[in-house]
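Everything numeric in this text was worked out from a predicted model, so none of it was measured. To find a chain, count down the sequence lines: A is the first, B the second, and so on, and within it residues start at 1.
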Protein chains: 2
Amino acid sequence: MGEDRKQRRDAVANRERILAAAAQAFRDSGMAVDMRAIAAAAGVGVGTLYRHFPTREHLVHAVTGTDLAELAGAALPGGVSAIAGLRRFFTATMTHLTGNKAMVDLLAAGSPSDADLARCLSHLTKIGQEAVDRSRTDHTLATDVTAHDIAYQLLGLIRIAQLIPDTEPNTIGHQVDLALRGLAAK
Amino acid sequence: MGEDRKQRRDAVANRERILAAAAQAFRDSGMAVDMRAIAAAAGVGVGTLYRHFPTREHLVHAVTGTDLAELAGAALPGGVSAIAGLRRFFTATMTHLTGNKAMVDLLAAGSPSDADLARCLSHLTKIGQEAVDRSRTDHTLATDVTAHDIAYQLLGLIRIAQLIPDTEPNTIGHQVDLALRGLAAK
DNA sequence: AGCGATTCGGAACATCGGTTCCGCTTGGTG
DNA sequence: CACCAAGCGGAACCGATGTTCCGAATCGCT
């Protein structure tokens with residue numbers, strides 16, 4: 001499996017630096033950064049960048065992979081009610097996203113046909129299902145709330161977060177609150 | 001000051017056809033349509049298109065102007081409670097938007113720095129304020145709901161609508177319902 | 001019909017961002 | 001130290017899209 005047999009020391013180092021620079025650039029400026037800018041920020045030529053990541057998409061995946069995996073690895077916190085778990089999950093997600101423009105771009109304004117967004121949506125729906133299931137015993141969610149509703153609500157919140165001027169956690173917290181009221185059992 | 005003194009018959013007609021074709025194209029394919037495609041759809045050359053609308057932005061404004069004005073002209077229906085008024089307004093807006101990809105693109109995924117979006121947001125906030133005011137007498141909204149919250153909620157809903165696969169009014173209606181529960185007085 | 005101002009069509013140009021190519025450099029091995 | 005494959009830099013290429021230009025066609029008036 002290991003095909004990293006003959007990779008030069010500097011090649012490895014460059015790969016790292018490109019990855020770091022790209023992560024930084026994506027976080028700061030969103031998905032739309034110019035490849036040339038990333039290369040420059042990493043202190044390498046575009047050729048080098050393309051040697052390591054044959055396509056923009058490859059680079060994007062390499063960089064957002066971590067964030068996406070983190071989000072995908074997240075689960076409903078245990079030991080609390082369905083609604084409390086959701087509150088924590090929503091809050092944690094929003095916090096985790098602040099300052100990551102690329103992630104917010106992807107989730108808040110990405111095309112509905114984007115594969116990454118679809119993957120996220122489906123994972124969020126899984127988490128929503130956990131909440132719905134848990135509510136079957138603690139009845140803290142409204143009975144007509146579905147797993148999809150929960151996923152959609154979170155994505156709606158992320159869009160709202162993108163629209164809020166600077167990024168006062170206060171306002172966002174309030175929005176999370178409103179959303180949860182809509183999901184909670186009456 | 002009518003400066004339309006000497007405009008040829010056919011020039012006027014072409015203007016109309018371009019406007020119609022553009023409206024159609026924007027509605028069907030979103031903001032990203034190619035100018036050439038619009039010109040072709042209108043049965044004119046690009047030169048003609050540019051004679052009438054010196055810039056893409058001009059065309060966009062001419063076309064979305066109507067929709068935007070409609071949305072901006074909308075107000076909270078009178079004679080009902082704050083929450084009922086909001087329900088009608090939300091539902092009407094969502095209905096009005098279905099099938100208009102350009103409008104949905106703009107509102108659901110537009111950059112936070114877009115001037116049109118900002119204008120919309122501020123108008124929606126005005127409507128939100130009406131609702132908040134009305135609730136001061138009928139108390140049908142939660143006391144901590146602000147005008148901004150209402151505007152944000154609607155934009156969140158529009159983003160959700162964009163994400164929902166085909167466009168079953170059912171699902172959207174349900175989402176509207178959840179949002180309103182979050183805004184309603186307990 | 002004749003004529004000039006207006007409008008038209010669409011090829012050509014400009015720009016922008018992703019990607020490729022290739023001559024030069026460099027790490028690492030005998 | 002010499003060599004050479006791995007790696008590098010960045011100019012050049014490409015395709016997409018907005019925009020300009022100008023000779024040809026058309027309108028409307030006499």
Side-chain angles (χ1 to χ4, degrees), chain A residues 2-22 25-26 28-64 101-102 105-106 109-111 113-116, chain B residues 2-22 25-26 28-64 101-102 105-106 110-111 114-116:
Chain A
E3 72 294 86
D4 48 5
R5 279 304 60 78
K6 319 134 173 254
Q7 214 173 198
R8 276 208 231 156
R9 198 73 48 76
D10 58 342
V12 180
N14 274 334
R15 179 171 230 280
E16 297 296 306
R17 293 171 55 213
I18 291 172
L19 231 30
F26 283 141
D28 293 351
S29 324
M31 289 301 214
V33 237
D34 188 326
M35 295 297 262
R36 272 170 267 254
I38 296 175
V44 304
V46 264
T48 305
L49 197 169
Y50 275 92
R51 162 173 308 279
H52 291 289
F53 305 95
T55 247
R56 155 177 270 271
E57 205 175 349
H58 285 149
L59 179 58
V60 170
H61 277 135
V63 172
T64 59
K101 294 231 308 175
D105 274 11
L106 173 63
S111 152
S113 59
D114 183 307
D116 287 328
Chain B
E3 72 294 83
D4 48 6
R5 280 303 64 77
K6 318 137 173 254
Q7 214 176 195
R8 277 209 230 155
R9 197 74 46 78
D10 59 341
V12 181
N14 273 333
R15 180 172 229 281
E16 296 296 305
R17 293 169 58 211
I18 291 171
L19 230 29
F26 283 141
D28 292 351
S29 325
M31 290 301 214
V33 236
D34 187 327
M35 295 297 262
R36 270 171 270 258
I38 296 175
V44 304
V46 264
T48 305
L49 196 168
Y50 274 91
R51 159 171 309 280
H52 292 291
F53 305 94
T55 247
R56 157 177 270 272
E57 205 175 349
H58 285 146
L59 180 58
V60 169
H61 277 134
V63 171
T64 59
K101 293 234 303 178
D105 274 11
L106 173 62
S111 153
D114 184 305
D116 288 329

task = State which residue, out of B:I18, B:L19, B:V12, fulfils the side-chain contact (heavy atoms from CB on, under 4.5 Å) condition with B:R15.
result =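 Testing each of B:I18, B:L19, B:V12 against B:R15, the sole residue satisfying side-chain contact (heavy atoms from CB on, under 4.5 Å) is B:L19.
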Grab the [atom1]-[atom2] distance between [X] and [N] for me, whole Å please.
X     : N      : atom1 : atom2 : answer
B:M35 : C:dA11 : CE    : P     : 17 Å
B:R56 : C:dT15 : CZ    : C1'   : 15 Å
B:L59 : D:dT19 : CG    : P     : 10 Å
B:Y50 : C:dA14 : OH    : C1'   : 12 Å
A:I38 : C:dC16 : CD1   : P     : 18 Å

note = With B for base contact, S for sugar-phosphate-only contact and - for none (protein heavy atoms under 4.0 Å), nucleotides 3-16 of chain D reads ---BBBBBBB----
ask   = For B:R17, what residues pass the salt bridge (Lys or Arg N to Asp or Glu O under 4.0 Å) criterion, not counting sequence neighbours?
value =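 With sequence neighbours excluded, B:R17 shows a salt bridge (Lys or Arg N to Asp or Glu O under 4.0 Å) to no residue whatsoever.
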query = Of B:R9 and B:P54, whose closest DNA chain D nucleotide lies nearer the 5' terminus?
reply =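 By nearest-heavy-atom nucleotide position, the 5'-most residue is B:P54.
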inquiry  = Once rounded to the nearest 0.5 Å, what's the spacing between atom NZ of B:K101 and atom CZ of B:F26?
reply    =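 That separation rounds to 13.5 Å.
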query = Where the side chain of A:S111 meets the backbone of A:S113, is there a donor-acceptor pair that is under 3.5 Å apart?
reply =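 Yes: the side chain of A:S111 pairs with the backbone of A:S113.
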ask   = Under 4.5 Å between any side-chain heavy atoms of B:T64 and B:L106, yes or no?
value =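 SC-SC contact between B:T64 and B:L106 ruled out.
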ask   = Hey, are the side chains of B:L59 and B:L49 touching, using non-hydrogen atoms and a 4.5 Å cut-off?
value =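 Yes, side chains in contact.
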Side-chain N,O (B:T55) to OP1/OP2 (D:dG18) below 4.0 Å =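 No, B:T55 has no side-chain N/O under 4.0 Å of OP1/OP2 on D:dG18.
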